[in-house]
Protein chains: 2
Amino acid sequence: MTDIGYIHHEEHMRSSDLISDIVIGMSDGLTVPFALAAGLSGAVASSSLVVTAGIAEIVAGSIAMGLGGYLAGRTEADHYESERRREIAEVESVPEREKAEVREVFAGMGISPALQTAIADELAKDKVKWVDFMMKYELGLDEPDPNRATKSALTIGLSYVFGGLIPLSPYLLVSHPHEALLYSCIVTLICLFVFGYFKSQVTGQPPVSGAFKVMFIGALAASAAFGVARLFG
Amino acid sequence: MTDIGYIHHEEHMRSSDLISDIVIGMSDGLTVPFALAAGLSGAVASSSLVVTAGIAEIVAGSIAMGLGGYLAGRTEADHYESERRREIAEVESVPEREKAEVREVFAGMGISPALQTAIADELAKDKVKWVDFMMKYELGLDEPDPNRATKSALTIGLSYVFGGLIPLSPYLLVSHPHEALLYSCIVTLICLFVFGYFKSQVTGQPPVSGAFKVMFIGALAASAAFGVARLFG
């Protein structure tokens, strides 16, 4: 792979980070507030209560998921930095042990001992390359984007809010919760289908069956919440 | 690494899959139902309505997250199988292009062209090793556990239910929601702290600051939900 190939590959990874964050946020945002609202529709007499609960859930869920995404990103970046510092120190202080670790990586690939040694000796000539190698192939760590944590938090949080407002909107317009539930089901199941279709395309899955799966999860969660809330309400 | 070393490594990965599923489920389960219940406490007059909404949320959230985990696991397994079939076919039909791809992987590690060729020729002698290599190092895919999807769904779903019942329990025992909220805050913030402490230990982060972070997300989500629900309620 040429340098340009690497850069393109990296950009591809970054844009799929964004898409994966949108998918994470939207998929729960469409499903959980939809099911909560459906559940409450079977237990309360007024849409305004469903709206209050739904909005509380969207706020709670978007903060929990968004900040959760932020902390996960920060943890990943901190972990990478601390492991890198350790590898740099080890390459200086115990080079023979580190060379043995390089040979172990290639032994795991099924490479013969003679070639393992040749590769380890060659890598040891350039300490930057050597540390890069240890990070990626011994520890399996890719260098994280420094802004990933903040972007991830915002993307997941906003996608959750956007997704959550779709199933809730009928309850804002229709005062009787059973009637609002009907519209909410129609609108949300269509959106889940469309969302599932694009999500499957992005992740390289058969889009139509993926769309049905995503819609099925939403419908099941909503039916179960409706049944259980009726039992307890 | 010896064969035994590899097996141990694999087992280590599997047990951390389990822990990571528990962390995923518990962390949202403790936070979102807690914040939803807190939000509703500021807007409604009776604890029983908070319980109904909370239980509907737990059912919705556990199904959405559990089935989401199941589908993610199944997708991963399907993706691995289809990529493996493609690699097996390519090793048979276009071996020279596949050898060039092996060389590219090693070029990316900073290995010299002479050694790249030596390695590619050696790997090409054993087609199983060759395909294993392409799967892991060209595509970055590890063979998934065939039962992972089902285990993952159950673990995430049950952890969500278990986590969600903690903040909700005071509302079952105390009829006035403001009073129940006080107990719910005390119990849940303690649980979030303890959970954050263990989660940080497992992921190799400083446990005390990790515990405060997890507790902070919960407190922020609950305060925001309380404020917003009051505004709309």
Side-chain angles (χ1 to χ4, degrees), chain A residues 1 5-6 27-28 31-32 34-36 38-40 43-44 48-49 51-53 55-57 59-61 63-65 67-68 71 75 78-79 104 107-112 115 118-119 122-123 126 129 132-133 136-137 203-205 213-214 217-218 220-222 224-226 228-229 232-233, chain B residues 1 6 27-28 31-32 34-36 38-40 43-44 48-49 51-53 55-57 59-61 63-65 67-68 71 75 78-79 104-112 115 118-119 122-123 126 129 132-133 136-137 203-205 213 217-218 220-222 224-226 228-229 232-233:
Chain A
M1 206 180 277
Y6 259 101
S27 135
D28 278 18
T31 309
V32 182
F34 168 52
L36 171 69
L40 284 176
V44 301
S48 73
L49 209 67
V51 171
T52 305
I55 286 176
E57 207 286 334
V59 170
I63 291 177
M65 289 196 79
L67 266 184
L71 288 185
T75 300
D78 289 351
H79 185 227
E104 274 171 22
M109 293 178 191
I111 304 284
S112 67
L115 270 178
I119 298 165
E122 191 177 288
L123 270 179
D126 183 336
K129 267 187 195 168
D132 285 347
F133 174 85
K136 188 155 180 196
Y137 294 98
T203 55
Q205 297 304 302
K213 279 181 198 165
V214 167
I217 295 181
L220 186 71
F226 186 90
V228 172
F232 283 81
Chain B
M1 205 179 279
Y6 259 103
S27 121
D28 278 18
T31 309
V32 182
F34 168 52
L36 171 68
L40 283 177
V44 301
S48 74
L49 209 65
V51 171
T52 305
I55 286 175
E57 208 286 334
V59 170
I63 290 176
M65 290 196 78
L67 265 185
L71 287 186
T75 300
D78 289 351
H79 184 228
E104 274 170 21
V105 171
F106 290 98
M109 293 177 190
I111 304 285
S112 66
L115 271 178
I119 297 165
E122 193 177 287
L123 271 179
D126 182 337
K129 267 187 195 169
D132 285 347
F133 174 87
K136 185 153 181 197
Y137 295 98
T203 55
Q205 297 304 302
K213 277 181 201 165
I217 294 181
L220 185 72
F226 185 90
V228 172
F232 282 81

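Below, chain A is the first sequence line, B the second, and so on; all start at residue 1.
The residue among Val44(B), Thr31(B), Ile55(B) with the most heavy atom pairs within less than 4.5 Å of chain A is Ile55(B). Between chain B and the residues Ala118(A), Ala221(A), Ser27(A), the largest count of heavy-atom pairs under 4.5 Å involves Ala221(A). If you tally non-hydrogen atom pairs under 4.5 Å between each of Val51(B), Asp28(B), Leu49(B) and chain A, the highest count goes to Leu49(B). Of the residues considered (Leu220(B), Val59(B), Asp78(B)), Val59(B) shows the highest number of contacts with chain A, using heavy-atom pairs under 4.5 Å.
No part of Asp132(B) comes within reach of chain A, as not one of its non-hydrogen atoms sits under 4.5 angstrom from that chain. Contact of Ser112(B) with chain A is made through backbone and side chain together, with heavy-atom distances under 4.5 Å. If you measure heavy-atom distances from Phe226(B) to chain A, you find no contacts under 4.5 Å at all. When heavy atoms are compared at a cutoff of 4.5 Å, Gln205(B) approaches chain A solely by way of its side chain, counted from C-beta outward. For Leu71(B), the part lying under 4.5 angstrom from a heavy atom of chain A is the side chain only. Ile119(B) touches chain A through backbone and side chain together, each having a heavy atom under 4.5 Å away.
What you find for Ala43(B) and Thr52(A) is that their closest heavy atoms are CB-CG2, 3.7 Å. Nearest heavy atoms, Ala56(A) versus Gly39(B): CB-CA, 4.4 Å. Summarising the geometry of Val32(A) relative to Ala64(B), their closest heavy-atom pair is CG2-CB, 3.8 Å, with the distance given to 0.1 Å. The two residues Ala224(B) and Ile63(A) make their nearest non-hydrogen contact at CB-CD1, 3.4 Å.
Between Phe106(B) atom CZ and Phe133(A) atom CZ the span is 8.0 Å, to the nearest 0.5 Å.
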